[in-house]
Structure formats: structure tokens, C-alpha cells
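The figures here come from the full heavy-atom set of this structure, side chains too, leaving out hydrogens, waters and symmetry mates. Below, chain A is the first sequence line, B the second, and so on; all start at residue 1.
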Protein chains: 4
Amino acid sequence: MSVQTRGKLLRAAKKVFSEKGYYNAQISHIIDTAGVARGTFYLYFKSKEEILKEILKEVVKELKDRIKEVDLRYDPIDQIVANIKRVLDFALEERDLARIVLQRNCDPKLFSIIEDFFEEVTLMVETSLKKGIALGLIRECDTYVLAKALIGGVKEVIVGLLDKEEVDTEKVAKDLVSFGLRGIWKGGGSYGGFGSI
Amino acid sequence: MSVQTRGKLLRAAKKVFSEKGYYNAQISHIIDTAGVARGTFYLYFKSKEEILKEILKEVVKELKDRIKEVDLRYDPIDQIVANIKRVLDFALEERDLARIVLQRNCDPKLFSIIEDFFEEVTLMVETSLKKGIALGLIRECDTYVLAKALIGGVKEVIVGLLDKEEVDTEKVAKDLVSFGLRGIWKGGGSYGGFGSI
Amino acid sequence: MSVQTRGKLLRAAKKVFSEKGYYNAQISHIIDTAGVARGTFYLYFKSKEEILKEILKEVVKELKDRIKEVDLRYDPIDQIVANIKRVLDFALEERDLARIVLQRNCDPKLFSIIEDFFEEVTLMVETSLKKGIALGLIRECDTYVLAKALIGGVKEVIVGLLDKEEVDTEKVAKDLVSFGLRGIWKGGGSYGGFGSI
Amino acid sequence: MSVQTRGKLLRAAKKVFSEKGYYNAQISHIIDTAGVARGTFYLYFKSKEEILKEILKEVVKELKDRIKEVDLRYDPIDQIVANIKRVLDFALEERDLARIVLQRNCDPKLFSIIEDFFEEVTLMVETSLKKGIALGLIRECDTYVLAKALIGGVKEVIVGLLDKEEVDTEKVAKDLVSFGLRGIWKGGGSYGGFGSI
DNA sequence: AATGAATGAGTGTTCATTCAT
DNA sequence: TATGAATGAACACTCATTCAT
């Protein structure tokens, strides 16, 4: 088992899945891109499905590494911004991976790893929201809806950035947090005619 | 050409695409669900791809009908809430359609209709944001990022609701708008230690 | 049973078979050309194969009418020229039919009617050749080969004429007969060692 | 890519096309005859159409090799006889190919290669005829009609020979040339009013 | 006599996977 | 460890034919 060959295949698969999507990607494309023979592929991966899962697992691992628990002894905002920045950086460093992951593909068999991860993140966010509400920092709200909205927002923004050349991820992260927080933050003032909501 | 048969096929296809995704959906599944013969399918639709596009076109049409331009002579908030409520209602009435549409599928040939529509909506939102900024109602921000985030939020929330039985769409719409507005709304007060951003 | 509808279908089928060939011709093409409904076709013809056979039968009948036995009491050459002229005229009047018939199609089931007819004509020609040889008018030769060659020549010439606008069939018929009778060689001298043949 | 497998497929296709004709031939027949799996066929040929074209190209190549330009410094008759003999030999050695080629099939897409070749040969013959006329060796005539007739004659004779076991191709070639050159008429006397032609 | 919606057996083609070398 | 020829199940699509109206 050569680690290099495995690497070549993984890199090729990321590229191909990203460009064509899982179903339009063919083993032929992957091995051509990797420059190995057909049989070699099956020496390293049991099936087309397996190499996808391998890739998804890698992504989840990397993302988990980059999302760090917020330590309330320090300014939480800075930490959230840093988390989002790290996620954005990863997405833009590995655009192929981001494209694969963010193409929600309904086949639950295939993308369960990703779905589960997002589920986890959603829960994490919801928990944070609840904590914030309990602490009186965050307004009362449907935490489930809010959590979904926050994550969906980040996802969509990433998709939007994948085709941009140069992105100031720090600024985008701050924009997002600023947007998110000022929205959920228990503000003082009333908002125009919006008091009726 | 019988309108009923066409309807049966469309309904069946929506169900099957929704449950299995486009690529795992087979003509056999569709015609079995519709209860017609194989040849009949091709009497009404040129190909598997075409019936998908037909469905997507229908969705876009329906959504465009439900999203009404905001008339600034009246309270814009109420109108935005109503728009989002109508979209949520449609998604929940036609959950199959929503599932099909919200599965971002990388094949651009297939989903271009949807992508184009979302592009349009994004632009619409961006324009509104800019107008709001010009009017001094909305804070300065990266309108592109914000628009993406808003739409992504709504999308993700819809996905989250598709498995819930009973949903109070009015409430969810209000929550979403409340969240979105208080975020982008040019508030008076400062926000905790957040002034540094 | 309306004779007109039957006629419309036959005419349409001739056109379509001629243009597309039997296998590429579809019932749809025929009924569209004829301007009748699908079911109507099967009111008049049992199958696609049957309408072809009907057409072929018609051709054979017409050709048999136009090829008249040579009456040796009169100048046989004139009669042969007249026969060929009548065949050429028919082919050019009904070019669609000629095209159908002269596309030798290997499916023996389908074109047996035509093959049988040509077989008959070949035999007729062979018999005439033998009679001519017996009478000392025609040189000794392999009558089978000669008969085939003669008929093949006429067939190919017809195919060649089908795309010409104006054809002087009388002249072509005379050319063909003249050629058949005397060859292309300018009488007189022997050529090289060819005297031995 | 194994040359043997490709050969097996080509041989099988020749047999099947020859026996059933292109349209009635199925991939199943070809692979069963060749003794390979379905997928293997498509490893070597893009489609059913392509294998036919491959075969036709082969035929044209072989025929071009066997038809040699007539060198006027030597006896042209002998060379023509030799040419025809070589063509007849090929047809009888590869009867399947001959059957495929001589089944004029109207689909121009498919048989254009062959039609083009025959067109070429016709032109070649016409040119030769014109040269002969210019040299005073050949009688004035419609060279187009004559060329067609000559080629048609040879074609039909070949078709007639395909079912015969033992054929003396040399003799047949001589008969054909002799016929072409001198006609069937036993030289000498004029016949009836035919002198006028 | 005519219609045209519906049928379904049939067929070319694809592509993930295997296995002998 | 690598190769690539071979496999065959799977699937989209076609089109002659039927039949209820």
C-alpha cells in the first residue's frame, strides 16, 4: 500500500467529485486524473461510495479541529469570529472539498456523515443560544429556527465565496457575526414600527 | 394528451425525485407510482431530465407568484413577513418539491433553472438592502454577504421544517424577519463589548 | 373502408420508405404524411411489413405489365428497347417506388417479392439468350452471368437516373441495348492478345 | 486492448450483419457469436454504427488495393480482367463482407463510405471510357450510362455468385470483359433496323 | 370509419467492479 | 504493488401495435 498512490487517488477524487458531482463522476475520471490503473483504485478503496465517505470523514475531522469550544472566561465574540474565520479559510483552501460538502445530495446513505456533523453543529449552536438566553445576553427566540438560520447563512455565504479569487475571510467572518449578533443580541432600543412583532 | 395522466406522472415524479433524489430515481419508479406504462411516460416527457426541468419550472413559477414586490407606501415588515410566510406555506404544502429544490445538486445543466432563480432573489434582496442603506434604515454592510446569509438562512430553516408535522409558518416567518431585521436594522444602542467590530 | 384513405396511406408510405428506408421509416411518419390518425393505419394494413409488401406487389404487377414478351415475328431489338424504355419511364414516374425496390435489403422476409420477380426476369433473359444462341444470333457465353450482368446494368443505370431532372428514356434505352448487343468496343480490329477470348 | 478480441468482434459482426442485415442485427447476436461480454463490445467500438463503418472502411481499403490503375504500355484488357478477377476473388473469399456491401441500404449516413467508393470507381471507369473514345478504341456513347451499367453488371454478378460453391473467377472475369467489350451480338451482319442505332 | 391515448416488449449503451497476469 | 482487459447487471428510451370511445 503506497501512501502516495492513496493520496493521488484522494486528491483526484476530490477534484472530480467537486467538478462533476458524485453521480456524474466516474471511476475513469478519477483514475485518469490520478494517473493510475483501474485496478489500482480498488486496491485502495472498496468502492466509489467508500472513497466519497473517506473524503467526507476527512472534512468532518478537519472542521471539528477548526471549531473550538467557546471559553466564556474570554470574549466570546472574538472566539466565534475566529471559529468562523477558520471554517471559511478551510473552505477556501480546499474549495473542492467545500463544493462536495455543500452540495447537499439527498442520498442519505452517502451524505449521512455530513448531515450528522451539521446536526451536531446545529445542536451546539442551539445550546449556546439557550445558554445565552439563560444568561440574559440573548433575546428569547425559537432557538431551533435561529440555529438553522445561522448555519444556513454561513453555508450559503461560503458557496457564494467559492468562485471569488481573493477573499478577506476575517472581514467576512466579522460581518457575519456582527449581522448574527446584532440580530439575536438583546438590544436596548425599539426598532421603528417593528415593535409589533 | 390527457391532462390527468400528465398530472399523475408529475405527481409521481415529484414524490420519487424527492424520496430518492434525481440520480437514484428511475423511470420505473415513476411509472409504477403513477400507474402507467413505460411508453406513456415518453408520450408526455421527452426524457427523465425534461420532467425534472418541468417540475423545477413549476416551482419557480409558483415561488415568483408568492413573492410580491414590497410596496413602500405600506409597512414593509408586514409585507416581508407575508412573503416569507407564503414561501414557507408552499414549501410545506409541497414538501416533495421543496426537498427536490433544496437539494443543491451540482449538475448545473439540471438545476440551472433553480440556481438562476435563487440568483435573481439574491439580487432582489441585495437591491433592497442597498435601498435601505441609502434611506438610512439599514446599517452599512457587505450587501452580497448579507443577502446570501439571509437566503441561506431561510433555505436551511425550510429544510429543517420539512420533517415537522405541524408548523406555525406565521410565527416562523416573524421569527426569521425579527432575527434578520434586528440584525441589519440600524439600531440606536451600542451592543455590549461588540463595539470593537 | 375508404379507398381514398387507403390511397393516402399507400402514397405516404411510398414517400417515407423511399426517403428513409424501411427500417428508419416509422408509422408516425407515414400517418403524419398521410394526415390520418394512428389507429386508422391499422384499419387498412395489418402491420408495417404488410404495407411494404402491398407496395412491392404493386410494383411487380406494374413492371410485369410493362415488360412484354418479345414477338420474334417482328424486330426483337425494337421490342427490347421498348420494354426497357417502359421500365425506365415507370421508374422515373414513380421514383419513390424505384428507390424502395432498388434498395436491395437483405431481409429476405421483406423483399422476397422483389427478389422473386428479379429472379423471374433473370430467367426470362437467360431463356432469351439461350434461344438467341441456338438461333446463331448470339455468341456462346455463360448465360447466367450475362443475364445477371444485363439486369444489374439496367438497375444501376436506373439508380443513377433517379436524381436527374429530365431524362430522355428512349435514348438511354437505345444506349443500353446497343451496348448490350455490341459492347463498347469499336468493331473491326482485334486488340492485343484478346482475340483468344 | 487485445487485437484478438477486436478481431473476434469484427468477424462476428461481419457474419451477423451479413446474415441478418444491419437493422436486424443485434449487439447480442454479435457478442454471442464472438463469445464476449456485452461491455467488451463497447471497449472496442463506440456503437453498433461504428463497427459497421469500421467494416466498410476495411472493405474499401481492400478493394482499392485490388483495383490497380491500368498501365497503357501493356495490354489493357488483361489488366482489366485481372482487376475484375481480384475483386471477384475478394468477394468470394469474404462473402459476408460482399453481402453487407452489396445490400444497398438507403441510410446514407451508414453507407456513405461505400457509396463514395462506388462513385469513385464510376468516375474512374468513365474517365477510362472517355480516354478510349479519344483514342478511337471505343465507340461514342453516353459514358455515364455505360459506366453505371458496367459497374451494375459486375455487382449483380457478384451477388449471383455468392451462393455458388466453386466459382472459376478467371473465367467469369473474362466473360464479363468480353461481354462488356464486344456485347452479346454475334458480330458481322446487321440486324433488322438496328443498324441505325 | 376514424381517433389517439395507452401499452410493453425490445435494444443500445453505461459503468462500477473483478481478476488473471 | 500495479495493471487493464473483461464482465454483466442496470437503465433510459423507442416504436409497432392495441383498444376504448
Within-4.5 Å side-chain heavy-atom neighbours: [X] and [Y]:
X       : Y      : value
E94(D)  : E58(D) : no
L10(D)  : Y44(D) : no
E93(D)  : E62(D) : no
I31(A)  : T40(A) : no
L52(B)  : L56(B) : yes
D163(B) : R99(B) : yes

Looking at I27(D) and K48(D), what are the two nearest heavy atoms and their distance?
-> CD1-CB, 3.8 Å
Would you mind reading off the distance between [X] atom [atom1] and [N] atom [atom2], rounded to a whole angstrom?
X      : N       : atom1 : atom2 : value
I27(B) : dA10(F) : CD1   : P     : 17 Å
Y23(A) : dC11(F) : OH    : P     : 12 Å
F45(D) : dT14(E) : CZ    : C1'   : 18 Å
N24(B) : dA16(E) : CG    : P     : 13 Å
R6(A)  : dT1(F)  : CZ    : C1'   : 16 Å
E50(D) : dG12(E) : CD    : C1'   : 14 Å
K48(A) : dA10(F) : NZ    : P     : 16 Å
E49(D) : dT11(E) : CD    : C1'   : 15 Å

Can you find a side chain N or O atom of Y42(A) that sits less than 4.0 Å from OP1 or OP2 on dT17(E)?
-> yes
In terms of the nearest nucleotide of DNA chain E, which residue is placed more toward the 5' end: Q26(D) or Q26(A)?
-> Q26(D)
At what distance, to the nearest 0.5 angstrom, does CD of E19(B) lie from CD1 of I100(B)?
-> 10.0 Å
For the residue pair Y22(A) and F17(A), categorise the inter-ring angle as parallel (less than 30°), tilted (30 to 60°) or perpendicular (more than 60°).
-> tilted
Show each protein N/O and nucleotides 1-5 of chain E N/O combination with a separation under 3.5 Å, one pair to a line.
unit_1 : atom_1 : unit_2 : atom_2 : d
dA1(E) : OP1    : M1(C)  : N      : 2.3
dA1(E) : OP2    : M1(C)  : N      : 2.0
dA1(E) : O5'    : M1(C)  : N      : 2.9
dA2(E) : OP1    : T5(C)  : OG1    : 3.0
dA2(E) : OP2    : Y44(C) : OH     : 2.4
dT3(E) : OP2    : A37(C) : N      : 3.1
dT3(E) : OP2    : T40(C) : OG1    : 2.8
dG4(E) : N7     : G39(C) : N      : 2.9
dG4(E) : O6     : G39(C) : N      : 3.2
dA5(E) : OP1    : M1(B)  : N      : 2.6
dA5(E) : OP2    : M1(B)  : N      : 2.7
dA5(E) : O5'    : M1(B)  : N      : 2.7

Stems involving DNA chain F, each a run of at least 3 consecutive Watson-Crick or G-U pairs under 3.5 Å | E:2-21 with F:2-21
